[in-house]
Visitor: 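Take a look at this one; I'll ask things after.
Values below: all heavy atoms of this structure, side chains included; hydrogens, waters and symmetry mates excluded. Proteins come first, then strands; the chains are lettered A, B, ... in the order of their sequence lines, and each starts at number 1.
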Number of protein chains: 2
Amino acid sequence: MTTKEKIISTSLDLFSQFGYDGTSVRQIAREVGVRESAIYNHFSSKQEILKAIFTAYKKESSSAQLLTDDLINELVFPLNFMVNFTEKLIRQWSSKNDRQFLRLLLKEQYRVIEGKRYSVSDMLDETRSIWWMIFDELIKHKFIKEADPKDLANEFIYPLFMIRMEYLFDDSKSNTDAAMEAAQKHVQFFWRAINK
Amino acid sequence: MTTKEKIISTSLDLFSQFGYDGTSVRQIAREVGVRESAIYNHFSSKQEILKAIFTAYKKESSSAQLLTDDLINELVFPLNFMVNFTEKLIRQWSSKNDRQFLRLLLKEQYRVIEGKRYSVSDMLDETRSIWWMIFDELIKHKFIKEADPKDLANEFIYPLFMIRMEYLFDDSKSNTDAAMEAAQKHVQFFWRAINK
DNA sequence: GTCTATAAGGAGATAGAC
DNA sequence: GTCTATCTCCTTATAGAC
């Protein structure tokens, strides 16, 4: 792990706990194990560190990567498909990185970084569009009841995201099981609602 | 409006925009129209201002107060009841105060204030317990399908809260109509799922 | 790439006059 | 209750040696 990488991960850790304004460059330097001025050798300003965190997260965390080939082959069994996708999703959200990033995003989503603003809605949009497509297909092939696929996508992912907020917010890993249970309960409820 | 009240409302305004650490006492004083030291005549510290905001909000904003007598009499028509409750809820959440408080809560929910911590879950609990009771009654009287009332409560309020986060986050009032439409779509979907 | 040293200013908070 | 004045500490950021 290079110093630059250490700065990014340490900053994510501190920012997610104390917020961007609540964390000083001094604090980051101490935690990384270098002097304050050494930070400025890797980032021209504190803002640049925050920018790097958002950029890094956007790359590594995508719901699309959960859609592996063997999962997609299961689409003819919609309930199985949803159960398996949800399990993968909760597992991804349980990682320390995703928990920390969620906290950071909720705190700083209003902050303007180089003209851009990251928001919860942005984060949802990718997952939403994936499920829009999936439900569209399922309706076309008459696997589920007739409905607006866009609405179904929201009804499916909204509770999942709330479960994330309620159970997968802090650093401790102990809530993963409870989150999984709540999420699968939702899948069952949702399936009864859309099943023909 | 007394100076003390002005300090509280101005602080909520600034905290919700820039966060607690991103707002200085100096900034609050300037906006209120007094000197910095005058603030300390009303609050012994900056933290006390934040505490006062949370306390004030807890008093004035409660889902229980939406349950007026004429609404409760409508419980025998569950769909009507849900439609009307939802309309009142979205209207309450659309107020400037509720929008600002939502932003503040999401930013500062991890902060410890006198040993206590305010969280999204805390905020949900009140509404959740109300709907737990309502669905319990509806099931007993066989107005809706057999199910765990606790699960139904979550399935009902989770999407509503997500709609709040997506549409009723910033200060502009222009999203109320879109929020209302999304919320009522959810009510319809939910009703089809629980209707006998 | 990391260090020491330091600049320049903002932070929270208090003392005491009016 | 509000003012002026001030204390002390911490903040981001830079200059220049090694």
Visitor: Do the numbers put A:Lys4 on top of the ring of A:Phe43, so that NZ or CZ is under 6.0 Å from the six-membered ring centre and no more than 45° off the axis?
Guide: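 Cation-pi check for A:Lys4 and A:Phe43: passes.
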
Visitor: Under the ring-ring contact (aromatic ring centres under 6.0 Å, His included) definition, can you give me all pairs with a residue in residues 88-119 of chain A, not counting sequence neighbours?
Guide: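 Non-adjacent pairs meeting ring-ring contact (aromatic ring centres under 6.0 Å, His included): A:Phe54-A:Phe101, A:Phe54-A:Tyr118, A:Tyr57-A:Phe101, A:Tyr110-B:Phe169.
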
Visitor: Treat primed atoms plus P, OP1 and OP2 as sugar-phosphate and everything else as base, then score nucleotides 1-14 of chain C 5' to 3': B for base contact with protein heavy atoms under 4.0 Å, S for sugar-phosphate contact only, - for none.
Guide: BBBB------BBBB

Visitor: Are there over 12 heavy-atom neighbours, none belonging to B:Gln65, within less than 6.0 Å of that residue's CD?
Guide: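 Check passes, neighbour count above 12.
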
Visitor: For atom NZ of A:Lys59, is the number of surrounding heavy atoms from other residues, nucleotides or ligands below 6.0 Å larger than 12?
Guide: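 For A:Lys59, atom NZ is not crowded (no more than 12 foreign heavy atoms under 6.0 Å).
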
Visitor: For the helix from C:dG1-D:dC18 to C:dC18-D:dG1, figure out the bend between the end axes, five pairs an end, and round to 10 degrees.
Guide: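 End-to-end axis angle: 10°.
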
Visitor: Please tell me whether A:Trp131 and A:Phe81 form a close aromatic pair, meaning their ring centres lie under 6.0 Å apart.
Guide: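 Yes; A:Phe81 has its ring centre under 6.0 Å from that of A:Trp131.
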
Visitor: Are B:Lys46 and B:Tyr20 in a cation-pi setup, meaning NZ or CZ lies under 6.0 angstrom from the ring centre and within 45 degrees of the ring axis?
Guide: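 Yes, B:Lys46 lies over the aromatic ring of B:Tyr20.
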
Visitor: Thinking salt bridges, do B:Asp21 and B:Arg111 make one under a 4.0 Å N-O criterion?
Guide: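 Salt bridge flag = yes for B:Arg111 with B:Asp21.
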
Visitor: When you measure from the side chain of A:Ser61 to the backbone of A:Lys58, do you find a donor-acceptor pair of N or O atoms at a distance under 3.5 Å?
Guide: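 Side chain of A:Ser61 to backbone of A:Lys58, a donor-acceptor pair under 3.5 Å: no, none is there.
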
Visitor: Please state how far atom CZ in A:Arg30 lies from atom P in D:dT12, giving the value in whole angstrom units.
Guide: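 My rounded result for the distance is 12 Å.
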
